[in-house]
Enquirer: 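One structure coming up, written as structure tokens, with questions to follow.
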Amino acid sequence: MEFARVLGRRRDVHFYCPWQPVEVEKVQKVLEAARLASRAMNVAFFKAIVVLREQLSRADRDALKTPFARHQFDLAPVVILWYHDMDAGPTDFADRRWPAVPSGAVYDALALPPLLGWSDRYVSEVVLPEVLGPAWSRGRRPGGNADVGVAIGQAVLCAVDQGLGTALAPFSEEAARTLFGVPDGWEAVAAQFLGYPLEDWEGIGQRAGEQPGPKVFEGDARTPFPFDEDHRELLRAAGMLTASDSAPWREEELAYLGRLIDETSGPAPGGGAEEEEH
Ligand SMILES: Cc1cc2nc3c(=O)[nH]c(=O)nc-3n(C[C@H](O)[C@H](O)[C@H](O)COP(=O)(O)O)c2cc1C
């Protein structure tokens, strides 16, 4: 799919066909997309656990739910639990596995070329002992990590590119720890649901970032960036900007989907099968 169309088609999908498995190649491609993401120092900060719905009992699925995400765990055939490995940097540092440097890859690959001031000596005498070592010796630093976010972003877009529905939501860190033997140093970031969508992406409309008020500025923190409406037309033509209104039949679609959820997960708290907004 054209990249602009992938961006234009992505929505938070809440309803999945539980009966239609996701091909293992598609899951692998999503994981490879995450692996290829940019990351500081080439350290793999993310860890991921791929969980198949069929491996979980009803009680397991219930345990993973949070107030923000319930039926996704019942419907999605695949859930990827994304973690930030708070020990990844220090471990690579301690093991001298930091790829671009002690291994000599810095010269072999010329990824960090001497032209830019990189050398074995600079790394072993300055970067490692004076910058990274002290930072990592202060212990684990929870609170998410940009590298993991970038990796998940690529995983989400890769799923859409393959015709899958996908969405992110929190999961019960405690339950996952018990069910899957998660190490202490892994901080839960998000569950990514994967599956063939049961709802039509055109029914939902493009909602992301719709809140009023400028969010991007130019030159200072007060002057709104001048987004050009003519250029927006081009993005519309390319499929990146799509209709933001829900389709007229969306309510009816939700009514049908609600019945399915009642059967699969039981009624939503509050009586309806409606989805929370975040
Ligand atoms: C880190 C993260 C956590 C999210 N958590 C939830 C959630 O708990 N439940 C949910 O329904 N949606 C969740 N979302 C999805 C957002 O609500 C959704 O992306 C946003 O409303 C924009 O809609 P769109 O994705 O359809 O464009 C989450 C998204 C992100 C990136």
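Both ligands and their constituent atoms are indexed starting at 1 by order of listing.
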Enquirer: Can you tell which of F68, W201, W82 gets a heavy atom nearest to atom 9 (N) of ligand 1?
Expert: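 That would be F68.
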
Enquirer: Considering residues at least two apart in sequence or located in another chain, which fulfil the side chain to side chain donor-acceptor pair (under 3.5 Å) criterion with E202?
Expert: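 None.
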
Enquirer: Assess P170 for proximity to ligand 1: is some non-hydrogen atom of it under 4.0 Å away?
Expert: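 In this structure, P170 qualifies as a contact of ligand 1 - some heavy atom is under 4.0 Å.
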
Enquirer: Within the structure, is a non-hydrogen atom of Q206 found at a distance of less than 4.0 Å from ligand 1?
Expert: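 Q206 does not count as a contact of ligand 1 under the 4.0 Å cut-off.
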
Enquirer: Salt bridge or not for R236 and E233, using N-O below 4.0 Å?
Expert: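 Salt bridge flag = yes for E233 with R236.
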
Enquirer: Any idea which part of A190 is under 4.0 Å from ligand 1, heavy-atom wise: side chain, backbone, both or neither?
Expert: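 Neither part.
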
Enquirer: Could you pull out, from T166, L168, T66, the option with a heavy atom nearest to atom 30 (C) of ligand 1?
Expert: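 Answer by nearest heavy atom: L168.
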
Enquirer: Under a single-linkage rule joining Ile, Leu, Val, Met, Phe, Trp and Tyr whose side-chain heavy atoms are separated by less than 4.5 Å, which residues share a cluster with L7?
Expert: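 When side chains under 4.5 Å apart are linked, the cluster holding L7 also contains M1, F3, V6, L157, V160, L235, M240, L241.
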
Enquirer: I'd like to know if D62 pairs up with K65 as an ion pair, taking the criterion as any Lys NZ or Arg NE/NH1/NH2 lying under 4.0 Å from an Asp or Glu carboxylate oxygen.
Expert: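 Yes, this pair counts.
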
Enquirer: Would you say R11 has any N or O atom under 3.5 Å from an N or O of ligand 1, going by distance alone?
Expert: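 So ligand 1 has no N or O lying under 3.5 Å from an N or O of R11.
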
Enquirer: With under 30° as parallel and over 60° as perpendicular, where do the rings of F73 and F193 fit, or are they tilted in between?
Expert: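 Because their plane-to-plane angle is over 60°, the rings of F73 and F193 count as perpendicular.
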
